[in-house]
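Worksheet: one structure, shown below.
Proteins get letters first, then strands, A, B, ... in listed order; numbering begins at 1 in each.
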Amino acid sequence: MADTDQKQRKTLDERNQMSDLERLRHSTAHVMATAISKLWPDAQFAYGPPTEQGFYYDVDMGHRITPDDFEKIEAEMKKVVKENQPFEKMVVSRDEALTLAKKGRLAALSDRDVESTFKIDLLEEIPEDEEISIYKNGDFWDLCAGPHVPRTGNCKAFKVMSVASAFYKGDANNPQLQRVYGTAFKNKTELGEHLEQLEEAKLRDHRKIGKELNLFLIDEAVGQGLVLWKPKGAILRQQLLDFILEHLNRQGYSQVVTPHIGKLDLFRTSGHYPYYAESQFPPLAEREVLKGLAEEGRSCGDLMQQLESGETTGFLLRPMNCPHHIRIYQSDHHSYRDLPVRLAEFGTVYRWEQSGELGGMTRVRGFTQDDAHIFCTEDQLKDEIMGCLELVKIVLETLGMEDYRVRVGLRDPDSTKYVGEPEQWDKAEEALREAASSLGKDFAEEPGEAAFYGPKIDFVVKDAIGREWQLGTVQVDYNLPERFGLEYVGKDNASHRPVMIHRAPFGSLERFVGVLIEHFAGKFPTWLSPEQVRILPISEKFVEAADEVHKVLRDEGVRVKVDDTNEKVGAKIRLAQLERIPYMLIIGAKEQESNQVSVRHRDRGDVGAVGVDEFKNQVVAEIRSRSL
RNA sequence: GCUCUUGUAGCUCAGGGGUAGAGCACUUCCUUGGUAAGGAAGAGGUCACGGGUUCAAAUCCCGUCAAGAGCUCCA
């Protein structure tokens, strides 16, 4: 990670552009550091920047901060705020700063027996020509480029939020520090609003809703990061598959079906093994091989070595679908007239994610991509990319997900790690750029973010807690066609190499549904709802009438149930509301006589009585059009 | 993988060195009720797992597994 320093250190320009809120938060971080220093004088501080949600300060000290300490810290902070200390900037020479740091005076309230270790390190990172400043508030002095608010009294509304650990400078080889997170706002009202928003976000969390609505399960007995889709979740998933399938057919894709494992040699050819072995499930060795090794008294290490060297063979749970699709492409002779060949599959892949990274449906070890591989000529590349983006656009628009970010990953001009010819890259990057701009949405070009095998476009959305997740992706690949020696016969009757595009509009079904649950807070549009209509007879006397309506709707393919439990309507409604069922139909004496149903919508409430057929037509139309 | 926190009934959680509690859900009965909870009775738990300390462990200690937050990673 050569650019760690750049990531951590903001330039002076960036600092001067700090917004008022960022400035306030950064100052509050100092106030917090002051408080922590008072409570635990051995505290050694590292970085303490503002963030999107607030601020943090990294600290190393003997005491382990727990949530029980937050109140104590806040109380000390309040004292500092009450004293209304001015933030004073003092420009010093490098030597002066170093002298203070050696005395342990930086990020501290007084001289100490120990040096301000991190600050000495930070000092070395400041370029020669840059001004070195120390900010003081009361007795707390800290090496800091600023800027700050005028006085500690300006930090009126704050809260210590959480504590976690972080590696110094984000390097896993460095010591771990305690990162104390806090947030700050102009005033108490805004702080209150923010905290309320966080509470609301928790209610949207897909893990919570997934459990409440019985959508999916991650079971210890099955394994970490392995999602079990329960019946209701499976309906949701199937609806999404049907939806995308319609559009795939329209765009001329061919569906294929391939197994979840393949020979190690296949992935050796593709380059996935052993290069990415540490992020895959361990290979499966053949029984005979294991037996043979055991008889020879050989170790697991020997086995691994043999598998890696290719001396013995085995199978791999596939980390990607492409090799299988490539083999399908290669099983036929292709003329330029056949291209583009578009092979699509809802393909399940397995990756060994680090255990600490797993979470809900958004980061898992087995997932299904709505994958496809397009084999085309250079000239077709642009149109094909456009087609892929069109698909992503349809998906996001149909689901009303407007809040996404488009990231175009380009190659790093200074690096030589990329495969393929520079002219090809230029062409592909230009095609991606053009395609991206056709979306009519801002996109970020990020040099150095391309994969080694080609440039890409990613669609990124945020979850309930504000974390960003990559969903859809379109990637150009020059590598695999080369490695597998893909060919087609051109007009000139000579053999040519096709270009490949990997693309997945949803990305992974698991992650997509996780994000979707949070997007809708469980209130899925009718076409996606596991149960679309629930019929609520007023009493058992009307169950028969309810059953008749049930039949009418079910025959139209509506997912409908009758609540024939021995409860009052109030209770039935409550239950249906909690299950976020879009439509509730109430049937009593009135409705039975007039062949009507009283319609209640989960958001609009009681919308009055309509004829059974009228309701049927309306709800069927709503489902067919996939209305939001 | 690392640091911290957590793990008690199907769910949400209380309790806490002397072999378990609430609400919801579930079962049965009564009730047949018009837009977010009708009533009664009942059933349900090796207190994540494995060790240790103790006369006694769900409770204290250690380890394992899992979850959450963050860091690192993500072809």
Worksheet entry | Stepwise ring pair (Phe, Tyr, Trp, His ring centres under 6.0 Å) test for A:Tyr329 and A:Phe484 | CA-CA 11 Å; A:Tyr329 175 86; A:Phe484 279 90; over 10 Å; no
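With rounding to whole Å, A:Leu578 atom CG is found 17 Å from B:U35 atom P. Atom CG of A:Asp58 and atom P of B:C71 are 10 Å apart (whole Å). Taking atom CG of residue A:Leu198 and atom P of nucleotide B:G70, one finds them 11 Å apart after rounding to whole Å. Following rounding to the nearest Å, A:Ile581 (CD1) and B:U35 (P) show an atom-to-atom distance of 19 Å. Across the protein-nucleic acid pair, A:Glu468 atom CD and B:C73 atom C1' stand 17 Å apart, rounded to whole Å. The distance from atom CH2 of A:Trp352 to atom P of B:C74 is 18 Å, rounded to the nearest whole Å. Whole-Å rounding puts the A:Tyr168 OH to B:C2 C1' distance at 18 Å. Taking atom CD1 of A:Ile218 as the reference point, atom P of B:C65 lies 19 Å away to the nearest angstrom.
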Taking N or O atoms only and anything under 3.5 Å, show me the protein contacts with nucleotides 3-5 of chain B, one pair per line.
residue : atom : partner  : partner atom : Å
B:U3    : O4'  : A:Gln176 : OE1          : 2.4

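For B:C29 and B:A36, the P atoms lie 29 Å apart once the distance is rounded to whole Å. The C1' atoms of B:A75 and B:G70 are separated by 25 Å, rounded to the nearest whole Å. Here the separation of B:G63 from B:U53, taken at their C1' atoms, is 15 Å to the nearest Å. Spacing between B:A67 and B:U32 at atom C1', rounded to whole Å, works out to 45 Å. Comparing the P positions of B:A14 and B:U6 gives a spacing of 11 Å, expressed to the nearest Å. When the C1' atom is compared between B:C60 and B:G18, the two are found 15 Å apart, to the nearest whole Å. B:U27 and B:A43 are spaced 16 Å apart, taking the P atom of each and rounding to whole Å. Taking the C1' atom of each, B:U8 and B:G45 are spaced 8 Å apart, rounded to whole Å.
Taking every heavy atom of residues 204-211 of chain A and every atom of RNA chain B, pairs under 4.0 Å involve A:Arg207, A:Lys211, by number.
Checking A:Arg318 against A:Thr258 by side-chain atom types alone, a donor-acceptor pair falls below 3.5 Å. A:Gln475 and A:Tyr453 are linked by a side-chain donor-acceptor pair at a separation below 3.5 angstrom, with hydrogens and angles left out of the test. Side-chain N/O atoms of A:Asp121 and A:Tyr168 include a donor and acceptor closer than 3.5 Å.
At a threshold of 4.0 angstrom between heavy atoms, the contacts of A:Tyr453 are confined to the sugar-phosphate backbone, with no base atom among them. At a threshold of 4.0 angstrom between heavy atoms, the contacts of A:Ala589 include nucleobase atoms, whether or not backbone atoms are also involved. Nucleic acid contact for A:Glu579: none, since no nucleic acid atom lies under 4.0 Å from a heavy atom of the residue. Within 4.0 Å of A:Glu278, counting heavy atoms only, lies no atom of the nucleic acid at all. Note on A:Met320: only backbone sugar-phosphate atoms sit closer than 4.0 angstrom, heavy atoms only; bases stay farther off.
Judged as a side chain to side chain donor-acceptor pair (under 3.5 Å), and not counting sequence neighbours, A:Arg64 has no contacts. Taking the side chain to side chain donor-acceptor pair (under 3.5 Å) definition, one finds that A:Thr117 meets it with nothing, sequence neighbours left out. Qualifying side chain to side chain donor-acceptor pair (under 3.5 Å) partners for A:Asp603, counting only residues two or more places apart in sequence or in other chains: A:Lys523. Considering only residues two or more places apart in sequence or on other chains, A:Arg483 meets the salt bridge (Lys or Arg N to Asp or Glu O under 4.0 Å) condition with none of them. Qualifying side chain to side chain donor-acceptor pair (under 3.5 Å) partners for A:Ser594, counting only residues two or more places apart in sequence or in other chains: A:Gln596. Residues satisfying the ring pair (Phe, Tyr, Trp, His ring centres under 6.0 Å) test with A:Phe70, not counting sequence neighbours, are none.
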Discussion item. For Watson-Crick and G-U wobble pairs within 3.5 Å on both distances, what is RNA chain B written in dot-bracket notation, | included for inter-strand pairing?
Written reply: (((((((..((((....[..)))).(((((.......))))).....(((((..]....))))))))))))....
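Out of B:C73, B:A75, B:C71, the shortest distance to the side chain of A:Tyr181 is found at B:C71. In the set B:A37, B:G34, B:C71, the nucleotide with an atom closest to the side chain of A:Ala166 is B:C71. When distances run from any side-chain atom of A:Arg351 to the nucleotides B:G33, B:A75, B:C71, the shortest one goes to B:A75. Across B:U35, B:C73, B:A66, the shortest atom-to-atom separation from the side chain of A:Glu353 is found for B:C73. Among the nucleotides B:A75, B:U32, B:A36, the one closest to the side chain of A:Ile573 is B:A36. Considering only the side chain of A:Tyr276, B:A75 comes nearest among B:C71, B:A75, B:A36.
Between B:G70 and A:Arg467, a contact under 4.0 Å exists linking OP1 or OP2 to a side-chain N or O. An OP1 or OP2 oxygen of B:G34 is reached within less than 4.0 angstrom by no side-chain nitrogen or oxygen of A:Arg600.
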Item to complete: Quick one, give me the B/S/- string for nucleotides 38-45 of chain B, reading 5' to 3', where B means a protein heavy atom under 4.0 Å from the base and S means that only happens at the primed atoms, P, OP1 or OP2.
Response: B-------
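Residue pairs satisfying the salt bridge (charged side-chain N to carboxylate O under 4.0 Å, His left out) criterion with at least one member in residues 581-599 of chain A, sequence neighbours excluded, are absent.
Taking 3.5 Å as the limit, the base of B:G34 and the side chain of A:Glu591 contain a donor-acceptor pair of atoms between them. A donor and an acceptor atom never sit less than 3.5 Å apart when one is taken from the side chain of A:Ser162 and the other from the base of B:G70. One can find a donor-acceptor pair under 3.5 Å joining the base of B:C73 and the side-chain atoms of A:Arg363.
Between A:Asp205 and A:Lys202 there is no salt bridge, since none of the side-chain N atoms of the basic residue sits less than 4.0 Å from a carboxylate O of the acidic one. Under a 4.0 Å N-O distance rule, the pair A:Lys462/A:Glu52 qualifies as a salt bridge. Between A:Arg405 and A:Glu468 a salt bridge is recorded (basic side-chain N to carboxylate O distance below 4.0 Å).
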Enumerate, atom names and distances included, each donor-acceptor pair closer than 3.5 Å involving a side-chain atom of residues 538-547 of chain A, sequence neighbours excluded.
residue  : atom : partner  : partner atom : Å
A:Ser539 : OG   : A:Lys541 : N            : 3.2

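Taking the six-membered ring for Trp and thresholds of 30 and 60 degrees, A:His325 and A:His373 have ring planes more than 60 degrees apart, a perpendicular arrangement.
Toward the 5' end of RNA chain B, the nearer of the two residues A:Ala172 and A:Gly359, judged by each one's closest nucleotide, is A:Gly359.
Within a 6.0 Å sphere centred on CZ of A:Phe452, heavy atoms belonging to other residues, nucleotides or ligands number more than 12.
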